[in-house]
Amino acid sequence: MKLPCLFLPLLGFLDQSEAFAPIIPLSRNAAPTSPLHSIEPRTSDDLIVQDTKKIVANSKNEKVPLDLIPPQEKKPQIINGALSKRKMELAWCNHDSCHEAIREKVVGEHNHMELTGPATGQVVYSWEKYSKESGSSGTTTAVVQVKSPPAVLMLVKRDEEELLLVAVEAIKELTSIGVQVLVDSTLRGDLEKHGDIDLDSELIRLFYPKPLPGFGSGDQLVDSLNDSDTDDEGVEQECPADTSDADLVVTLGGDGLLMYAAHIFSGPVPPILPVAGGSMGFLTPFAREEMLEAILISLGLREVADDDEDDLVNNDSSGTDGLKISQRANNNMQIEATDREGYNEKPPLAFGNNAQICISMRMRLDCRIFGSDGTLRCRYPVLNEVVIDRGSSPYLASLECFCDDVHLTTVQADGIIFSTPTGSTAYSMAAGGSVVHPAVPAILVTPICPHVLSFRSMVFPDHVVLRCYVPSDARSTACVYFDGKHRTELHRGDSVQIQMSAHPVPTINRADHSADWLSSLKRNFNFNTRVRQSPL
């Protein structure tokens with residue numbers, strides 16, 4: 001006759017950090033070595049198991065008399081005649097740490113999980129207003145009172161006389177109202193030829209980009225790691241202008257000039273006002289005729305009145321009354337639909353309305369190359385994409401790629417692209433990758449001519465760490481490029497680590513991040529443009 005199995009009742013309830021342990025039956029053939037049968041939980045030392053002799057033990061097999069167990073651990077809490085459930089908590093855990101969840105929350109006694117809101121949104125900035133007393137009665141009036149003169153870093157496309165004339169007029173106007181203008185050595189040399197600007201003025205300063213410690217390659221990387229803000233006698237040196245003085249960066253050129261501005265700011269980046277002066281201008285929504293007025297509004301030196309909003313939206317040309325932000329005025333490059341009667345589009349808000357400036361927080365990548373011995377070879381911030389390809393080798397590039405140290409795939413292709421949402425409309429799109437809104441926090445992985453049909457473009461969240469290395473059995477070396485520059489050869493055993501940078505590039509929107517982005521797609525790529533079907 002078979003004997004029935006003996007079940008061990010579980011006493012007490014675990015807290016939220018503990019896991020329920022299974023109730024394990026003891027059969028006749030189990031032959032335990034002691035009258036106690038321990039159950040191994042995940043982390044708790046307080047798991048109580050009772051045997052037939054009313055003796056209990058925790059997970060360390062320490063015998064505890066039943067009478068010594070606190071009453072709250074003997075039975076669960078009873079609310080309204082029903083057993084209460086354990087409370088659940090949520091947290092975000094990345095590769096380095098865990099912290100309290102931001103979007104996700106648990107509500108109610110039944111542990112319902114909800115989202116507090118969307119993951120991203122339109123980011124705006126405004127300048128703080130300082131109050132000062134006015135009048136004998138001591139009343140306080142809110143006015144724009146600047147503590148120190150604002151500074152504008154002016155970057156102009158080289159060898160463009162027409163753009164230089166626009167910059168000269170803007171510098172004159174800015175310095176006349178007390179705004180500092182930072183210029184690089186090339187622009188300063190061009191300004192000397194005109195002679196219309198007093199370069200000895202305290203409001204015009206020479207801008208010299210200084211690399212951020214820890215970035216660069218070779219000797220530059222070593223020097224920056226050993227650099228400090230003090231000299232040999234311990235006296236603090238002056239901070240470089242590109243990291244402390246610029247309140248606004250103005251790029252008068254094309255998309256390449258915007259990428260250059262992002263490159264010289266390896267760390268925090270001031271707001272960038274991109275003005276169209278190149279050939280395509282996907283990232284430059286402002287026209288050169290609007291530049292001066294846009295600078296004043298972006299610095300908070302000019303406010304847009306509410307009663308002027310309709311004029312700012314409906315007027316298609318720029319004038320002295322304010323900046324006109326209609327997309328049709330964008331340097332005469334806007335492609336309009338032939339019939340918008342049934343679209344019912346919402347008109348864009350006036351630029352700078354309510355003293356708020358819309359910006360796109362463009363994600364960057366923090367990219368590093370490690371040698372086979374683990375040493376850091378170089379480090380660069382990337383706005384568009386990182387490309388690893390076979391270089392001049394006739395063989396396919398051979399790479400082993402990982403996501404958070406989990407093997408992702410073996411790459412046998414001409415190369416692979418790691419792109420930001422901003423770079424999704426560049427090389428990645430040409431290679432078949434998706435077009436991603438600039439506000440989406442993601443990293444795109446797009447293969448270049450893979451040797452298998454199943455290798456398709458992928459999108460990863462921004463918190464992952466991606467890593468690719470050249471295996472020891474690879475037929476040849478590989479090459480890596482950062483935003484098309486800094487070509488570096490990867491030898492066998494070398495690896496490239498790619499992750500989100502903590503310092504995005506804030507570019508100022510003309511309307512908002514969606515309107516500017518969609519307008520650029522239509523204007524530059526004729527996005528989904530075709531002859532409209534006639535009605536039936």
Side-chain angles (χ1 to χ4, degrees), residues 150-209 241-242 245-265 270-299 316-320 323-325 327-334 351 383 483-485 507-508 510 520 523-524:
V152 176
L153 171 60
M154 186 75 67
L155 300 176
V156 183
K157 186 178 180 180
R158 297 181 179 181
D159 302 326
E160 291 286 344
E161 186 66 23
E162 185 178 353
L163 298 181
L164 181 60
L165 294 177
V166 175
V168 169
E169 294 301 322
I171 293 175
K172 288 181 180 179
E173 294 292 335
L174 293 174
T175 54
S176 66
I177 60 176
V179 177
Q180 298 184 60
V181 179
L182 310 179
V183 296
D184 59 11
S185 57
T186 302
L187 180 57
R188 185 181 179 90
D190 294 336
L191 294 177
E192 290 177 351
K193 299 177 183 178
H194 283 266
D196 296 336
I197 299 178
D198 182 13
L199 297 179
D200 296 330
S201 172
E202 295 180 354
L203 295 177
I204 298 180
R205 301 174 55 190
L206 181 63
F207 164 75
Y208 181 76
D242 58 319
D245 291 347
D247 299 307
L248 179 71
V249 180
V250 178
T251 60
L252 181 55
D255 296 342
L257 187 61
L258 175 62
M259 294 178 61
Y260 168 75
H263 176 71
I264 61 179
F265 288 91
I272 298 180
L273 181 70
V275 181
S279 56
M280 175 173 286
F282 188 86
L283 303 176
T284 55
F286 291 89
R288 65 191 68 173
E289 296 80 9
E290 306 167 333
M291 183 176 72
L292 179 60
E293 197 72 20
I295 292 174
L296 297 178
I297 297 177
S298 300
L299 290 175
D316 287 346
S317 61
S318 60
T320 57
L323 177 64
K324 312 302 187 286
I325 64 135
Q327 295 297 322
R328 293 186 295 275
N330 189 4
N331 208 19
N332 298 322
M333 294 187 295
Q334 176 65 46
F351 175 73
L383 179 60
D483 278 339
K485 300 179 180 180
T507 58
I508 297 178
R510 204 157 171 244
S520 295
R523 183 181 64 245
N524 295 284

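Values below: all heavy atoms of this structure, side chains included; hydrogens, waters and symmetry mates excluded.
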Are [X] and [Y] packed together at the side-chain level, in the sense that at least one heavy-atom pair is separated by less than 4.5 angstrom?
X    : Y    : value
R188 : L199 : yes
P270 : L248 : no
D198 : I204 : no
D255 : T284 : yes
F286 : R510 : yes
D184 : V156 : no
I171 : L191 : yes
L165 : E161 : yes

May I ask you to decide if the ring planes of F207 and F265 are parallel, tilted or perpendicular, using 30° and 60° as cut-offs?
parallel

Any donor-acceptor pair under 3.5 Å from S201 side chain to L203 backbone:
yes

For A151, does its backbone N or O pair with a side-chain atom of D247 as donor and acceptor, under 3.5 Å?
yes

Between [X] and [Y], which heavy-atom pair has the shortest distance, and what is it?
X    : Y    : result
G277 : L163 : O-CD1, 3.5 Å
T186 : R158 : OG1-NH2, 3.5 Å
I272 : P274 : O-CD, 3.2 Å

What distance do [X] atom [atom1] and [Y] atom [atom2] have between them, rounded to the nearest 0.5 Å?
X    : Y    : atom1 : atom2 : answer
T251 : L273 : OG1   : CG    : 7.0 Å
L283 : N524 : CG    : CG    : 9.0 Å
M154 : L187 : CE    : CG    : 8.0 Å
L164 : E169 : CG    : CD    : 10.5 Å
L174 : L292 : CG    : CG    : 5.5 Å
M291 : S298 : CE    : OG    : 11.5 Å

Between P150 and the options I177, L299, L296, the side chain to side chain contact (heavy atoms under 4.5 Å, CB included) test singles out L299

Is the NZ atom of K485 crowded by more than 12 outside heavy atoms at less than 6.0 Å?
no

Report the C-alpha separation of F351 and I508 in whole Å, then their side-chain angles, then the decisive distance to 0.1 Å, and conclude whether the side chain to side chain contact (heavy atoms under 4.5 Å, CB included) test is met.
CA-CA 10 Å; F351 175 73; I508 297 178; 3.6 Å; yes

